[in-house]
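Only one structure is covered here, and it is reproduced in the block below.
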Amino acid sequence: MDNSSVSKLLDDISVLLELKEENAFKIRSYQKAASNIERLSESLADIYKKGGRRSLEEIDGIGAGISERIEEILTTGKSSYLEELHKDIPKSVVEMLRIQGVGPKLVIRLYKDLKIKSVEELLSAAKKGILKKLDGVREKKIESIIKGIENYRKLDRKHLISDALSYAQALLKEIKSHDYVVDAVICGSLRRGKETIGDIDILATGINPKKLADAFVSLPQVKRAIAKGETKSSVVLENGMNADLRMVGPESFGSAAHYFTGSQQHNIKIRKLAISKGLKVSEYGVFRGNKKLAGRTESGLFKVLGLQFIPPELREDSGEIEAAARKAIPRLVELSDVKGDLHMHSDYTDGEVPIEEMAAAAKLLGYDYIAITDHSKSTTVAGGLDARSVEKQMREIDALNKRLKDFRVLKGIEVDILKDGSLDLDDAVLAGLDLVIASVHSHFSMPGTAMTERVLKAMHNRYVSIIGHPTGRLIGKRQPYEIDMGAVIKEAAKTHTALELNSFPDRLDLNDLNCRLAGENGVRIAINTDSHRPADLSYMKFGIGTARRGWLTKNDVINTLSLERLLGFVSLKRK
DNA sequence: GCCGTTTTCGGCCCGACTGTTTTCAGTCG
């Protein structure tokens with residue numbers, strides 16, 4: 001049982017407790033435990049194996065009660081408490097909560113008073129006017145429920161950060177184009193660099209919030225408005241996403257940006273910290289009584305709380321506030337630190353353009369080097385290279401390097417890790433290359449132990465400098481294959497093998513948690529784009545965002561090194 | 001249910017918008 005499954009069950013418990021109108025703080029305890037577990041980099045099962053319930057209780061938000069629930073979940077795979085709760089409230093009733101504007105109070109009345117058990121029954125009841133039997137439900141509420149259901153059905157849930165970002169930037173541009181807008185920024189999970197995004201959040205400041213709200217809800221991308229007020233408006237976009245616009249005065253722009261960037265758990269902890277210092281934090285500023293101490297800038301807010309500035313990517317309540325209090329927030333890796341890109345394809349295999357064009361595009365980005373890493377022969381769908389084709393490509397790259405000034409194209413390969421952990425090309429071929437990435441592209445559904453052995457064996461090859469997209473996941477399409485990342489990370493540290501952070505928006509593999517674990521274990525990371533065309537090179541920013549979420553610094557990342565030192569890293573293992 | 005440089009008991013972040021209300025509950029983030 002993995003962490004996110006445990007987290008999901010605890011979250012389910014919290015939802016049912018909400019429907020039972022249990023103590024609100026008890027509900028939040030379950031929610032908090034669930035979200036803390038979700039962000040844990042170590043496996044809960046391992047923690048429990050090592051120290052039992054006592055070590056579970058060392059995790060923030062887990063006490064005697066919840067550790068008992070977790071113990072049962074880990075040992076039996078289910079929770080009798082959850083099953084007990086489900087006796088009174090079926091799953092189809094819980095689903096109604098996912099409709100915008102329908103909360104726990106309404107759901108429980110729908111179920112108890114009107115015997116409505118599902119979203120379908122709710123829609124039909126709404127259309128027949130049956131809902132008017134409930135106190136406080138009239139025409140407008142019914143209309144909003146019907147629209148909420150329509151939207152819920154179309155909602156394809158979370159969006160990749162790349163898609164959400166282009167949408168958000170278009171909205172931002174529209175908002176900024178108005179004369180009465182002084183400044184506007186993207187906040188929310190997009191600013192924190194999460195791999196998938198639910199809503200788009202934009203903060204604006206200017207002289208006429210009312211006019212801006214009117215303009216916002218009538219943008220061409222907007223399908224319908226959910227709310228419109230002096231400081232806050234919410235809309236549903238044509239692509240099914242929600243977008244929120246907040247408007248504050250310039251004296252509150254920093255504190256509002258902080259509040260609106262979240263995460264919610266981070267905000268709660270910041271506000272608690274403020275209380276302990278006799279202060280109050282809200283989106284309008286930091287206050288002692290009625291006296292405002294900060295708010296114009298985010299850095300001012302952190303400063304009056306006695307904290308170092310916390311980069312948005314770290315704001316997940318996973319130790320960043322404690323670190324900021326100790327002045328121990330590292331300088332995270334930045335896009336401008338990147339000196340090269342070590343994973344890309346050319347028209348020798350499934351890339352779209354010749355090597356020279358990839359090199360030219362990379363040079364335009366200010367890089368000093370790239371590695372061309374086409375597929376090896378086993379990846380037949382991509383037209384993978386055999387030893388002969390590798391020879392040919394090497395000669396072409398040598399010739400190209402003679403023509404290029406202040407730039408180097410490294411001769412590389414993305415060699416397949418075969419089922420038994422051996423590689424798809426002989427060592428003699430690999431030895432002639434500057435850089436070898438080894439990746440799994442087949443037999444994804446092996447048992448975890450076999451898959452782990454397979455990758456460990458590949459790492460033992462002295463020519464393998466990088467393991468490509470180490471978990472193989474495709475966000476929204478394919479689960480990571482079963483692999484013990486803890487073991488892979490330990491072995492990577494031992495063998496001087498770097499792990500890839502593949503920046504392709506549907507990969508982001510390693511993810512943020514594994515990056516953090518790798519960094520803590522002294523493993524080097526290569527942040528690559530896996531580009532198949534020049535435009536893909538711009539995906540580097542998503543890899544950087546994920547690396548920052550994983551607390552990585554410039555020193556953790558090999559493609560921030562000079563060419564000389566990068567080649568030194570490669571030869572260290574080859575010795 | 002969790003937690004403790006004021007607490008092992010009594011707290012638990014803070015504020016906006018909507019709809020149906022004559023002062024607020026429900027929902028959301």
Side-chain angles (χ1 to χ4, degrees), chain A residues 10 13-14 17-19 21-36 56-70 81 96-110 131-132 134-145 147-148 187-189 192 198-203 209-210 213 217 225-236 242-248 252 255-256 258-287 305-306 317 321 325:
Chain A
L10 294 177
I13 291 175
S14 82
L17 292 175
E18 212 170 357
L19 290 175
E21 304 187 276
E22 265 275 7
N23 177 300
F25 299 108
K26 180 173 171 178
I27 295 165
R28 222 169 59 196
S29 297
Y30 275 93
Q31 284 169 346
K32 191 178 174 198
S35 91
N36 285 356
L56 289 178
E57 285 168 26
E58 280 167 22
I59 300 166
D60 189 32
I62 297 178
I66 294 183
S67 77
E68 195 180 337
R69 309 274 180 237
I70 295 173
Y81 185 50
M96 291 193 280
L97 272 178
R98 299 189 47 191
I99 296 158
Q100 190 118 38
V102 177
K105 295 285 191 315
L106 181 57
V107 166
I108 211 64
R109 282 161 66 209
L110 289 167
L131 300 188
K132 282 187 199 159
L134 293 179
D135 272 350
V137 177
R138 294 290 172 264
E139 282 305 330
K140 283 205 163 173
K141 186 74 191 170
I142 292 172
E143 198 180 315
S144 102
I145 289 172
K147 284 191 171 158
C187 295
S189 52
R192 302 202 309 280
D199 301 339
I200 291 171
D201 301 309
I202 295 176
L203 171 68
K210 201 168 179 180
V217 300
I226 301 169
K228 181 161 77 83
E230 285 278 305
T231 67
K232 181 182 169 180
S233 297
S234 291
V235 298
V236 180
N242 281 16
D244 291 349
L245 176 67
R246 279 300 289 245
M247 293 153 285
V248 297
S252 296
S255 45
H258 175 261
Y259 152 74
F260 211 25
T261 296
S263 66
Q264 196 179 10
Q265 294 293 355
H266 168 91
N267 286 350
I268 289 173
K269 192 163 259 186
I270 287 283
R271 288 172 178 197
K272 265 188 183 166
L273 175 72
I275 292 169
S276 76
K277 292 175 185 277
L279 304 171
K280 183 185 78 167
V281 170
S282 77
E283 53 265 54
Y284 297 108
V286 185
F287 300 87
L305 293 174
D317 185 21
I321 294 169

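Letters go in sequence order (proteins before strands), and every chain restarts at 1.
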_To the nearest 0.5 Å, what is the distance between CD on A:Q100 and CD1 on A:I226?_
4.0 Å

*Residue pair A:R192, A:S189: steps toward the side-chain contact (heavy atoms from CB on, under 4.5 Å) verdict*: CA-CA 5 Å; A:R192 302 202 309 280; A:S189 52; 3.9 Å; yes

_Between P of B:dC28 and CD1 of A:I99, the distance in whole Å_ = 10 Å

*For A:I62, answer base if it contacts any base atom (sugar-phosphate contacts may also be present), sugar-phosphate if it contacts only those atoms, and nothing otherwise; contact means non-hydrogen atoms under 4.0 Å.*
sugar-phosphate

*A:L273 CG - B:dT5 P separation (whole Å)*: 12 Å

*Rounded to the Å, how far apart are A:L106 CG and B:dA25 C1'?*
12 Å

_In this structure, how many angstroms lie between the C1' atom of B:dG26 and the CG atom of A:L110, rounded?_
13 Å

*Which part of the nucleic acid, if any, lies within contact of A:A274, taking any heavy atom under 4.0 Å across all strands shown: a base, the sugar-phosphate backbone alone, or nothing?*
nothing

_Students often get this wrong, so: under 4.0 angstrom with heavy atoms, is A:L17 touching a base, only sugar-phosphate, or nothing?_
nothing

*asked:* Roughly how many Å apart are B:dG15 and B:dT21, using the P atom of each and rounding to a whole number?
replied: 28 Å

*At under 4.0 Å between heavy atoms, what does A:D201 touch on the DNA or RNA strands: base, sugar-phosphate, or nothing?*
nothing

*Salt-bridge present (A:K269, A:D60; N to O < 4.0 Å)*: yes

*asked:* If you assign A:V102 and A:Y81 each to the DNA chain B nucleotide with the nearest heavy atom, which residue ends up on the more 5' nucleotide?
replied: A:Y81

*Distance between the C1' atoms of B:dC17 and B:dG11, in whole angstroms?*
29 Å

_Please report the distance, rounded to the nearest Å, between CD in A:E68 and P in B:dC2._
10 Å

*Summary of protein contacts for nucleotides 12-18 of chain B, nucleotide by nucleotide, where a base hit scores B, a sugar-phosphate-only hit scores S (4.0 Å, heavy atoms)*: BBBSSSS

*Have a look at A:D244 and say if it touches a base, only the backbone sugar-phosphate, or nothing, with a 4.0 Å heavy-atom cut-off.*
sugar-phosphate

_B:dC3 to B:dC13 separation - P atoms, rounded to the nearest Å_ = 13 Å

_Tell me which nucleotide, if any, is Watson-Crick or G-U wobble paired with B:dG26 when both distances must be under 3.5 Å._
B:dC17

*asked:* Could you measure the distance from the NE2 atom of A:H258 to the NE2 atom of A:H266? Nearest 0.5 Å is fine.
replied: 3.0 Å

*Just compare B:dG26, B:dT20, B:dG1 and give me whichever is closest to any side-chain atom of A:K141.*
B:dT20

*asked:* Between C1' on B:dG19 and NZ on A:K105, what's the gap in Å once rounded to a whole number?
replied: 17 Å

*So, for A:Y30 and A:S14, which heavy atoms are closest and what is the spacing to 0.1 Å?*
CB-CB, 3.7 Å

_Euclidean distance for P, B:dC14 against B:dT20 (whole angstrom)_ = 30 Å

*Taking atom CD1 of A:I70 and atom CD1 of A:I62, what is their separation to the nearest 0.5 Å?*
3.5 Å

*So, is A:R69 near the phosphate of B:dG1, with a side-chain N or O under 4.0 Å from OP1 or OP2?*
yes

*So does A:R109 pair up with A:E21, basic N to acidic O under 4.0 Å?*
no

_Nearest-Å distance once atom C1' is located in both B:dT18 and B:dC12_ = 27 Å

*Heavy-atom distance under 4.5 Å between the side chains of A:E230 and A:K210, does that happen here?*
yes

*For A:Q265, which contact category applies under a 4.0 Å heavy-atom criterion: base, sugar-phosphate, or nothing?*
nothing

*Please state how far atom CZ in A:R138 lies from atom P in B:dA25, giving the value in whole angstrom units.*
18 Å

*Write down the distance between CD (A:E57) and P (B:dC3), rounded to a whole number of angstrom.*
9 Å

